[in-house]
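Chain letters run A, B, ... following the sequence lines, proteins first, then strands; residues in each count from 1.
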Amino acid sequence: MIWQALTLQLGYNATLVTIGAMLIGIAAGVTGTFLFLRKRALVSDAISHATLPGVGLAFIVMVALGGDGRNLAGLLIGSALTAAAGLACVQWLTLRTRLAEDSAIGAVLSVFFGFGVVLLTVIQTMESGRQAGLDGLLLGSTAGMLLSDAILIAVGGAVTLALTLLWRRPMILVAFDPDFAAASGLNIRLVDFATMALVMAVTVIGLKIVGLILIVALLIIPPVTARFWTDDTAHVWQLSGVVGGLSGFVGAAISASAPDLPTGPIIVLTSFALFTLSLFLAPNRGVMAAILRHVQFQRRVHLRQGLLALAQSQPIFERYTVKLLEREGLARADGVATDSGRARAAKALRDEKRWEVLRALPDQEATAALYDGLREIETVVTRDQLAEIDALIPQPAGVPS
Amino acid sequence: MSGAEFVPLSLPPILIGVFAAIACALPGNFLVLRRQALIGDAISHVVLPGIVVAFLITGTVSTWPMMIGAALAAFVAVILIEAIRRLGRIEPGAAMGVVFTAMFAGGVLLLERSDTSSVHLDVEHALMGNLESLIWLDAFGWSSLFDLEALAGLPDELPRIFVTMLGVIAFIWLFWRPLKISTFDEGFAQVMGMPTNALGLALVAVSALAAVAAFDAVGSIIVIAMFICPPAAARLVTDRLGRQVGWSALFAALSAVLGYVLAGYGPIWLGGQDSVSAAGMIATVSGLILAIAALFGPCRRGGRA
């Protein structure tokens, strides 16, 4: 079943939904990257919650005009309008009052959502509202989706994605270096506006599949995941798009493969699984890499200190150090140095002395700053300099050579 | 309206609403000033999986396991956010967004997969609460307030949220000075030898406690709205922290009373018959109060915070 879903063989509707989810996932991942890099990830939370009153109002208006209140296109237009109003409120509160952006986001999110809930209860009491199914938009539902809805979502996702790709260059520039972007003649407010418009588009189109409470996950989790793998912006947005698209595709497919698997949460959990994998496995920034780095560092410190102790015939009490020396064939289990151990120890002590001399030289200050007790001195000075340093080390005197 | 109708049907929900609103608004003052306003948002999302897991383990919809589950979930979320922030070097907002959406999604999935059709446990209920259902059937009028037998029949939520509110007040009263100093000047507080990290954590813990207790009674919309709107409005009205806290409590109580009354009687005044969601209306009223403060508040500009 799951393979059929993944290979798009579960019927026309399921296929459209899966493709639509993938397109929205890619668009959300790419757009979300710019929000994330501007450190405004949670603005999307306010936008998505602010769609609810729009849905309610659109339903009421459409019924009042004698139409079908459940027309998805109408609901989405309504939700876009109040989402824009919510975003405007956040901007206004942040710019015109002394409230910080997080307070503005929280206020708009809760008030708009609260008002939306009021409207939903109004709709429930309306004649035609009994089976409105608007609460499906809270958590997304693809069950019983009309073909026209699926087409709307797929086309909407494709258009949003195309616009995102079209505008990506100015958005990258502004996300990374707003000052430079302004200096090179970009209208920052316009670019920010375009970013927000795309975020709104993603939210509104994702409403039916992912639901308004969870759509923010698609805007936040993929960029955060992508950030683990690369430091290069161009790669962050590409990877983020891939993560988002993969989450949308796999999530929608899994959800289509069995009943009782709500699409929105499954898509979010798929992307969270990718995030968790990245958190642990990513090179450089991942947890495993950090642990590995730490272990290696510990090893080098112990080995170095052990060698210095051997050279000065001091006893080694640290078990781990002895074990390391033994494993490298530098010492026996009782802590007595082997031949190669003695040689390495002598070199370690001599290098320590060389460092000491080097650090006393005023003109070598920059090099001396590299001293951390682990670095091999040959890697920071030339052979000639090393000879000069050796000349400064006091030689044994008063004994026949 | 007569006491015979008001006392059993409207008094308990109004009192619960007021207590819940104040319990959330008081710590909200500090969260808003510390730019941690969205913690309330995050906590009220992650409470859902906690409650569902508690239900799956115990098999009943009883209060204490659910409260414990919710508190544990909030705790797990705070740890996860902190871990992701540090391990991945990710900005707090994004780390929060990752954690609460994923945990909420997990909660929804668990709810859908498990057989909860026999019990009253669903996402809408968690979001919107059920303030209207908290009625006091044993009351017959104002005189019941002095009747011990009738008082025993009060909805459990009322004493619980009342005690929570007292606990929150006690915390803020006891730690007023350290809280104030560490909120405005963390560096100075550290120099004075105050454990600012522990204090910040305690504030989050108290907020989580208030959120969980209020969530149980009134649903998560009110929780988020009350954490932010009344303190934010109060912030635009005064420059003094003491007065701000006072104003925020007043705004919170006003939102709860006005919101409940408008939800219950507003539609009737407008010629309708059915009431609308009280939780949604309370959040809406608190938003209107904030809007008025943002337009006319004497301290609406000035230093950012």
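A side-chain donor-acceptor contact under 3.5 Å links A:Arg98 to the backbone of B:Cys299. Under a 3.5 Å cut-off, the side chain of A:Arg227 and the backbone N or O of B:Arg89 do not form any donor-acceptor pair.
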Output, in order, the C-alpha distance, side-chain angles, deciding distance and verdict of side-chain contact (heavy atoms from CB on, under 4.5 Å) for A:Phe272 and B:Met103.
CA-CA 9 Å; A:Phe272 185 69; B:Met103 286 183 74; over 6 Å; no
If you apply the rule side-chain contact (heavy atoms from CB on, under 4.5 Å), what do you find for A:Val268 with B:Phe104, and how did you get there?
CA-CA 9 Å; A:Val268 174; B:Phe104 189 81; over 6 Å; no
Test side-chain contact (heavy atoms from CB on, under 4.5 Å) on B:Glu112 and A:Leu261; report intermediate values, then the result.
CA-CA 7 Å; B:Glu112 296 278 329; A:Leu261 289 174; over 6 Å; no
Mind running side-chain contact (heavy atoms from CB on, under 4.5 Å) on A:Leu120 and B:Ser277 for me, showing each step along the way?
CA-CA 8 Å; A:Leu120 284 193; B:Ser277 160; over 6 Å; no
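The pair B:Arg34-A:Asp102 fails the salt-bridge criterion, with no side-chain N (NZ, NE, NH1 or NH2) lying under 4.0 Å from an Asp/Glu carboxylate O.
Counting heavy atoms from C-beta on, the side chains of A:Ile213 and B:His45 come closer than 4.5 Å. A 4.5 Å side-chain heavy-atom check between B:Glu91 and A:Phe36 finds at least one atom pair inside the cut-off.
Residue contact with chain A, scored on non-hydrogen atoms closer than 4.5 Å, involves the side chain of B:Leu290 exclusively. Using a 4.5 Å cut-off between heavy atoms, A:Phe228 touches chain B through its side chain atoms alone. Contact of B:Ala294 with chain A is made through backbone and side chain together, with heavy-atom distances under 4.5 Å. Both the backbone and the side chain of A:Ala107 come within contact range of chain B, judged by heavy atoms closer than 4.5 Å. Using a 4.5 Å cut-off between heavy atoms, B:Phe100 touches chain A through its side chain atoms alone. Interface remark: B:Ile224 contributes backbone and side-chain atoms alike to the contact with chain A (heavy atom separation under 4.5 Å). Only the side chain of A:Phe275 comes within less than 4.5 Å of a heavy atom of chain B; its backbone N, CA, C and O stay farther away. If you measure heavy-atom distances from A:Ile266 to chain B, the contacts under 4.5 Å come from the side chain alone. With a 4.5 angstrom heavy-atom cutoff, B:Met96 touches chain A only via side-chain atoms. Only the side chain of A:Leu109 comes within less than 4.5 Å of a heavy atom in chain B; its backbone stays farther off.
Across all their heavy atoms, A:Leu269 and B:Ala105 have their closest contact at CG-CB, 4.0 Å. The minimum heavy-atom distance between B:Ser286 and A:Val111, with the atom names listed, is OG-CG2, 4.4 Å. The heavy-atom pair separating A:Pro262 from B:Val108 by the smallest distance is CG-CG1, 4.5 Å. Contact detail for A:Gly114 and B:Ala283: the closest heavy-atom pair is CA-CB, 4.0 Å.
Atom-to-atom distance recorded for B:Ile84:CD1 and A:Thr276:OG1 is 7.5 Å, nearest 0.5 angstrom. Between atom CD1 of residue A:Ile221 and atom OG1 of residue B:Thr101 there is a gap of 4.0 Å, rounded to the nearest 0.5 Å. With rounding to the nearest 0.5 Å, the separation of OG1 in B:Thr284 from CG in A:Leu119 is 8.0 Å. In this structure, the separation between CZ on A:Phe115 and CG on B:Leu288 is 9.0 Å, given to the nearest 0.5 Å. Distance check, rounded to the nearest 0.5 Å: CG of A:Leu279 to CD1 of B:Ile90 gives 7.5 Å. In this structure, the separation between OG on A:Ser110 and CD1 on B:Ile282 is 12.5 Å, given to the nearest 0.5 Å.
Between chain A and the options B:Asp41, B:Ile222, B:Leu31, heavy-atom pairs under 4.5 Å are most frequent for B:Asp41. Contact count against chain A (heavy-atom pairs under 4.5 Å) is highest for B:Ala102 among B:Ala102, B:Gly28, B:Gly287. In terms of heavy-atom pairs under 4.5 Å with chain A, the best-connected choice from B:Ala37, B:Gly106, B:Ala263 is B:Ala37.
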